[in-house]
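Order of appearance sets the numbers: ligands from 1, and atoms from 1 within every ligand.
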Amino acid sequence: MVATLGDYHVHALGHGEGEFTLGRLEEFALQAHKAGLAELGLAEHDELLHRFDGEVWASACRGNRPISLRLGLEVSFRPGRLREIRALATRYPFDYLIGSVHDLDGWPFDHPDYREGYQAWEIDELYREYFRVVAQAAQSGLFDVIGHLDLVKVFGYRSRRPVVELAAAALQAIADAGLAVEINTAGLFKPAAEIYPAEELLRACLARGIPITFGSDAHRAAEVGRELWRAAALARRVGYRSYVRFRRRRAELVPL
Ligand SMILES: [Zn+2]
Ligand SMILES: [Zn+2]
């Protein structure tokens, strides 16, 4: 593991089951250190932001530890939420905002309980629609990073046409907006059994000059940094030689 890497996508609150306490943040930081990371970026789901405690966070940041903490936020992007998201972004001094598409028109396509919804779609049409919303997220100007770029593959339903073709306009929008994409290892533990994004998509990102971050999408301390070494190896294999860190929404390129 490269000693400067950061895990920029962790949820101390999980899906709401975790408590936002100093002890829990310390567990996450300790695990990040054990995983050989230099930075840990908290990115709670925006719908749980009311449970984020700025004082607890400030004391976690004051702690003397080898891990440096960053404050992110993972926002569920929907085209109708622009104003709401703009307001959320000013609530705390965020280092970065991740824009993620978790539902299409109210259908939470990444949730196992709603999996039968896939039956209603021709698969390439679904991929097109998903990437159309991702492009809108990029064009919104609200985010620094696009989360789990090809989440639509979560249950292993693969497009017929090459995904790079279906995602082309979204990739261009991401590049034009100067956003990063994250290499998110959570997909390895889903039916898709593959890092987000797929290698061919990552190659297409590099070709367009899109920078990268790394994230485990940990919902428990034990998952922090999970398989990030594989994400870093993938990035290098594809040809990336740098990644980005964020501080107060400013990106800084770091050698990989
Ligand atoms: Zn997500
Ligand atoms: Zn997440």
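Both L201 and L179 belong to a common hydrophobic cluster when Ile, Leu, Val, Met, Phe, Trp and Tyr are linked at side-chain heavy-atom distances under 4.5 angstrom. Hydrophobic clustering, with ILVMFWY side chains joined whenever heavy atoms are under 4.5 angstrom apart, keeps V10 apart from F246.
Residue H148 is tested with E182, E74, H9 for a side-chain hydrogen bond (donor to acceptor under 3.5 Å, both in side chains); the sole match is E74.
Side chain of D7 to backbone of L40: no donor-acceptor contact under 3.5 angstrom is found.
Around the Zn ion (ligand 2), the protein N, O or S atoms found under 2.8 Å comprise H9 NE2, H11 NE2, E74 OE1, D217 OD1.
Under a 4.0 Å N-O distance rule, the pair R51/E44 does not qualify as a salt bridge.
Between Y118 and V154, the closest heavy-atom pair is OH-CG1, 3.9 Å.
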